Amino acid sequence: MKFKVPRGTQDLLPTETWKWQRVEAITREVCEMYRYQEIRTPIFEQTDLFQRAVGDTTDIVQKEMYTFKDKGDRSLTLRPEGTASVVRSFVENKMFGYADQPVKLYYSGPMFRYERQQAGRYRQFVQFGVEAIGSNDPAIDAEVIGLAMDVYKRAGLKKLKLVINSLGDADCRASHKAALIEHFEPSIDEFCSDCKTRLEKNPLRILDCKVDSENPLIESAPSLANYLNEESTAYFEAVKTYLTDANIDFVVDHNLVRGLDYYNHTAFEIMSDSEGFGAITTLCGGGRYNGLTEEIGGPAAPGIGFAMSIERLLLAMEAEGVTFDAEPTLDAYVVTLGDAAKRVGAKLLTDLRANGLRSDMDYTDRKMKAQMKSADRLEAKYVIVIGDEEVEEDVVMLRNMSDRAQDKISTADVVQKLLQDIKEG
Ligand code: HAM
């Protein structure tokens with residue numbers, strides 16, 4: 001075989017896509033309940049947008065972006081995440097002027113990151129995410145987290161762990177940054193070249209460096225928790241109270257920093273606690289990003305959101321042994337013998353479909369037995385058999401596949417009969 005799907009991508013075949021559609025339906029239903037509306041943004045954006053929003057020192061921007069020049073010599077990037085695009089669109093379309101704030105948006109679509117392929121980690125993956133922009137109320141933080149938990153619960157997942165942290169505001173981060181520089185600077189030669197650049201620009205990134213993760217200085221680094229000011233602490237306490245009131249269990253982990261630069265205050269991740277789940281257990285990540293609208297040239301509009309991979313949600317369902325009910329089956333399968341019967345059958349099929357009945361027939365001139373086997377495999381509720389004799393008499397043989405009872409009925413009546421039986425049955 002000459003061609004294969006690119007590494008880190010996958011074909012979703014009909015045996016899988018129906019499950020995706022179910023999950024996507026759940027995400028839409030939950031968003032409707034919370035009044036989040038769908039936004040669709042382009043799959044590529046100006047490269048500069050991600051450098052600004054996600055951050056120059058992040059792994060995503062430094063190593064993982066699919067960046068290319070178009071024929072007009074513009075640098076474009078396949079979106080590695082959705083928040084930057086949504087916030088760009090919020091600013092560009094002046095959504096800050098909408099009467100109802102915060103503006104509550106959701107999106108679902110492919111994202112692209114050049115990452116090492118492993119179970120649950122892909123180079124093209126689908127993120128469902130929400131963004132609530134225009135409110136700095138801790139109650140909306142709890143709402144966004146609750147929405148994510150609801151999606152998982154509706155999909156049937158039980159083994160979930162919600163981890164939250166506060167990253168504080170700009171002031172706390174500045175004093176924490178100074179403390180980190182002081183901590184790492186004397187020994188920075190022990191660290192990788194990336195960390196050397198990170199030291200001045202964003203020392204927080206050293207804490208989640210994949211190369212230097214074993215260095216004891218990481219463990220002993222000053223914790224952000226000790227630099228939270230009164231306001232940030234009060235905000236975090238309020239978020240926790242709202243979560244508790246909503247009966248959402250959580251654990252606080254002060255080491256949760258997240259891999260994107262735009263976060264402050266609330267940060268959270270939802271993990272799968274299922275034993276069967278692979279090494280990567282994070283299902284969903286999100287947090288607050290006050291200041292991001294200004295960073296990309298708009299007025300102040302504090303925001304919070306999350307994104308989850310649909311691939312990982314389905315893997316978690318598999319690990320917990322949760323399944324959806326099977327696909328809807330066919331209402332009718334038309335079996336025909338001979339050219340005249342085929343013509344009658346094709347016309348009948350048109351009528352069946354026009355009346356909303358899921359139906360199909362054979363297009364490979366197979367023998368009756370083979371056609372009946374297809375009807376069985378496709379779990380058709382009814383089989384309609386038409387041969388020369390039936391054509392002559394203007395009837396069809398209608399077989400109910402649940403009890404195998406069959407009846408000759410007039411061709412003109414078959415659609416009505418099926419509609420009635422299926423409604424009753
Ligand atoms: P993130 O933590 O980079 O955050 O990604 C969020 C989620 O996307 C992850 O928890 C995981 O489910 C999924 N994900 C990320 N990379 C991959 C991959 N290579 N393969 C499969 N799934 C992956 C963000 O993207 C932020 N934009 C989330 C956000 C929205 N924060 C605020 N609003």
Side-chain angles (χ1 to χ4, degrees), residues 6-10 23 27 36 39 41 45 49-50 53-55 58-61 63-66 78-90 102-133 140-141 143-145 147-148 151-152 155 157 160-165 167 205 208 256-272 277-293 301-317:
R7 184 186 285 270
T9 70
Q10 54 179 345
V23 171
T27 60
Y36 283 69
I39 181 167
T41 60
E45 296 270 358
L49 172 69
F50 300 115
V54 175
T58 59
D59 274 358
I60 295 181
V61 168
K63 301 178 186 158
E64 297 169 2
M65 295 209 300
Y66 283 91
L78 297 183
R79 59 184 186 192
E81 60 105 49
T83 311
S85 305
V86 172
V87 172
R88 192 249 328 122
S89 180
F90 177 90
V103 176
K104 307 207 285 185
L105 302 165
Y106 80 89
Y107 52 90
S108 184
M111 306 291 160
F112 306 85
R113 294 185 193 178
Y114 188 79
E115 290 201 83
R116 206 165 58 79
Q117 187 189 3
Q118 64 187 104
R121 178 168 284 155
Y122 310 91
R123 292 183 177 172
Q124 175 176 333
F125 54 98
V126 174
Q127 272 188 351
F128 157 70
V130 314
E131 312 293 347
I133 314 174
I140 194 105
D141 299 38
E143 172 177 289
V144 163
I145 295 172
L147 193 161
V151 167
Y152 291 127
L157 294 181
L160 298 166
K161 188 168 121 188
L162 167 65
V163 181
I164 61 169
N165 189 21
L167 303 177
R205 286 271 89 83
D208 56 12
L256 179 76
V257 289
R258 311 269 306 122
L260 303 90
D261 276 355
Y262 47 62
Y263 291 115
N264 39 58
H265 292 288
T266 316
F268 69 96
E269 289 189 353
I270 301 170
M271 326 279 190
S272 168
F277 208 65
I280 300 176
T281 54
T282 307
L283 299 178
C284 171
R288 180 161 276 288
Y289 45 83
N290 300 352
L292 184 54
T293 50
I304 178 159
F306 70 77
M308 61 170 72
S309 116
I310 303 293
E311 291 85 353
R312 290 191 194 170
L313 193 170
L314 288 163
L315 286 171
M317 285 179 65

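The shown structure was predicted, so the numbers you read here are calculated from the model rather than taken from an experiment. No hydrogens, no waters, no symmetry mates; every other heavy atom, side chains included, goes into these values. In each ligand, atom 1 is the first atom listed, and ligand 1 is the first ligand listed.
- The atoms of ligand 1 that sit less than 4.0 Å from any heavy atom of Gly120 are 20 (N), 21 (C).
- Side-chain N or O atoms of Arg312 include none that pairs as donor or acceptor with a backbone N or O of Leu283 at under 3.5 Å.
- Heavy-atom contacts of Glu131 reach the following atoms of ligand 1: 30 (C), 32 (C), 33 (N) (cutoff under 4.0 Å).
- Between Ile304 and ligand 1, a contact under 3.5 Å exists for no N or O pair.
- Within ligand 1, counting atoms from 1 as listed, the ones closer than 4.0 Å to a heavy atom of Glu115 are 16 (N), 17 (C), 18 (C), 19 (N).
- The contact set between ligand 1 and Thr83, taken as ligand atoms under 4.0 Å from a residue heavy atom, comprises 26 (C), 27 (N), 29 (C), 30 (C), 31 (N), 32 (C), 33 (N).
- Taking the six-membered ring wherever Trp is involved, the centroid distance between the rings of Tyr262 and Tyr289 falls below 6.0 Å.
- Short contacts between ligand 1 and Tyr263, defined as distances under 4.0 Å to a heavy atom of the residue, involve ligand atoms 26 (C), 28 (C), 29 (C), 31 (N), 32 (C).
- Note: an N/O pair closer than 3.5 Å links Arg113 and ligand 1 by distance alone.
- Every atom of ligand 1 with a heavy atom of Arg121 under 4.0 Å away is listed here by number and element: 19 (N), 20 (N).
- Heavy-atom contacts of Gln127 reach the following atoms of ligand 1: 5 (O), 6 (C), 7 (C), 8 (O), 24 (C), 25 (O) (cutoff under 4.0 Å).
- Listed by atom number, the atoms of ligand 1 under 4.0 Å from Gly285 heavy atoms are 10 (O), 28 (C), 29 (C).
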